[in-house]
Amino acid sequence: MAFSFPRWANQLGPKLVVAGGLTATLALAGVTYYFTPKYTRVGYQPIQPVPFSHAVHAGQLGVDCRYCHNGVDKSWFSNIPAAGTCMNCHSAVLKDSPKLELVRQSYNTGKPIPWVQIHKTPDYVYFNHSVHVSRGISCVHCHGEINKMDEVAHAKPLSMSFCLDCHRNPADKIRPNEFVTQLDWQGQVDGKKLVADWKVQPGQSCSTCHR
């Protein structure tokens, strides 16, 4: 009796199954590794509707972060300042600059400036700014050297491993509260003592951030 297919064809099915499984595994591993914030958002630097330089305001002028983001140490989110905050200074400083036309319009009409959000955690992640800021974690640890940026860029991965590294070793990042918004601070501190004095116990269980 003649065979329609050669004998080696008997092994074709199992080999295709194995090859398909390996391909799917590699594809899943690639997506899991490369489709994380470290690769998809680090370096993200959108063009904003108004050219605002943190290097000038926070760096050269030394404006405290909390002057503009006045809820960052009291709320779970860091608020975007209203145009009125800008006009406290710019009603006199560069008051006729064409670069600030949109700020003046927002101030006069009440229509918010359409800022482009840069730092964003997924909807399934809970993050409270006030908890971190009030316990000695400076802005630079999550946002990079904002005080040196003319245009803010996404500098840190903000991935789960990034957060856990800090939660496991808070003494390495903590600083006295009076220096939290001094972004260029390079002082020495006994981090372990601050952790003990403030009873800092950052959670590492899933429910800490996923609620």
Side-chain angles (χ1 to χ4, degrees), residues 37-38 40-123 125-159 162-163 166 173-187 189:
K38 181 177 182 180
T40 59
R41 292 194 69 84
V42 170
Y44 176 54
Q45 190 178 44
I47 297 175
Q48 298 290 355
V50 177
F52 179 88
S53 172
H54 278 77
V56 171
H57 292 78
Q60 295 177 27
L61 300 177
V63 177
D64 191 290
C65 306
R66 291 165 294 190
Y67 180 76
C68 297
H69 306 287
N70 56 16
V72 71
D73 57 344
K74 308 178 187 68
S75 175
W76 65 270
F77 67 97
S78 177
N79 59 297
I80 300 297
T85 301
C86 306
M87 293 302 292
N88 286 338
C89 294
H90 287 293
S91 58
V93 179
L94 300 176
K95 62 177 183 178
D96 298 320
S97 172
K99 294 182 178 180
L100 299 176
E101 178 59 29
L102 193 58
V103 176
R104 292 190 290 269
Q105 289 181 14
S106 176
Y107 179 70
N108 292 325
T109 64
K111 183 179 180 181
I113 299 171
W115 298 106
V116 180
Q117 186 173 5
I118 300 174
H119 302 90
K120 183 178 182 180
T121 54
D123 292 340
V125 174
Y126 172 78
F127 180 85
N128 189 315
H129 271 85
S130 64
V131 170
H132 294 77
V133 173
S134 64
R135 282 298 178 266
I137 303 302
S138 178
C139 316
V140 296
H141 294 311
C142 296
H143 299 295
E145 294 181 306
I146 293 287
N147 55 313
K148 296 181 180 179
M149 298 183 188
D150 280 316
E151 291 286 342
V152 174
H154 199 296
K156 304 287 185 173
L158 305 185
S159 61
F162 174 85
C163 298
C166 190
K173 298 290 191 291
I174 203 167
R175 64 173 67 177
N177 268 342
E178 61 266 30
F179 300 119
V180 166
T181 57
Q182 290 188 23
L183 306 185
D184 57 354
W185 184 75
Q186 297 293 331
V189 65

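Sequential numbering from 1 along the given sequence is applied to the chain's residues. Both backbone and side-chain heavy atoms feed into the values below; hydrogens, waters and symmetry mates do not. Source: prediction; values computed, not measured.
One distance of note links SG of Cys139 with CD of Gln182; it measures 11.5 Å at 0.5 Å rounding. Atom CD in Gln48 sits 11.0 Å away from atom CG in Leu102 (nearest 0.5 Å). Between the OH atom in Tyr44 and the NZ atom in Lys120 there is a gap of 10.0 Å [rounded to 0.5 Å]. With values rounded to the nearest 0.5 angstrom, Ile113 atom CD1 is found 5.5 Å from Cys86 atom SG.
When atom types are taken as modelled, the side chain of Ser134 and the backbone of Asp73 share no donor-acceptor pair closer than 3.5 angstrom. A side-chain donor-acceptor contact under 3.5 Å links Thr109 to the backbone of Gln105. Using a distance-only test at 3.5 Å, with no hydrogens or angles considered, a donor-acceptor pair links the side chain of His69 to the main chain of Asn79. With hydrogens and angles ignored, the 3.5 Å screen pairs no side-chain donor or acceptor of Arg66 with any backbone N or O of Asn70.
Between Asp64 and Thr181, the side chains place a donor N or O and an acceptor N or O closer than 3.5 Å (distance only, hydrogens not considered).
Scored by the ring pair (Phe, Tyr, Trp, His ring centres under 6.0 Å) test, Tyr107 finds no partners at all (sequence neighbours excluded). Residues satisfying the salt bridge (charged side-chain N to carboxylate O under 4.0 Å, His left out) criterion with Arg104, sequence neighbours excluded, are Glu101. Scored by the side-chain contact (heavy atoms from CB on, under 4.5 Å) test, His132 finds Phe127, Ile137, His167 as partners (sequence neighbours excluded). Judged as a ring pair (Phe, Tyr, Trp, His ring centres under 6.0 Å), and not counting sequence neighbours, Trp76 has no contacts.
Sorted by first and then second residue, the side-chain hydrogen bond (donor to acceptor under 3.5 Å, both in side chains) pairs with a member in residues 143-156 read Ser53-Asp150, His119-His143, Glu145-Lys148; sequence neighbours excluded. Within the structure, side-chain hydrogen bond (donor to acceptor under 3.5 Å, both in side chains) pairs that include any residue of residues 80-91 comprise Tyr67-Asn88 (at least two apart or interchain).
Residues Ser130 and Ser75 are not in side-chain contact: their nearest non-hydrogen atoms beyond the backbone lie 4.5 Å or more apart.
The ring of Phe52 has its center closer than 6.0 angstrom to the ring center of His57.
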Original post:
Can Ile80 and Cys68 be said to form a side chain to side chain contact (heavy atoms under 4.5 Å, CB included), step by step?
Top reply: CA-CA 7 Å; Ile80 300 297; Cys68 297; over 6 Å; no
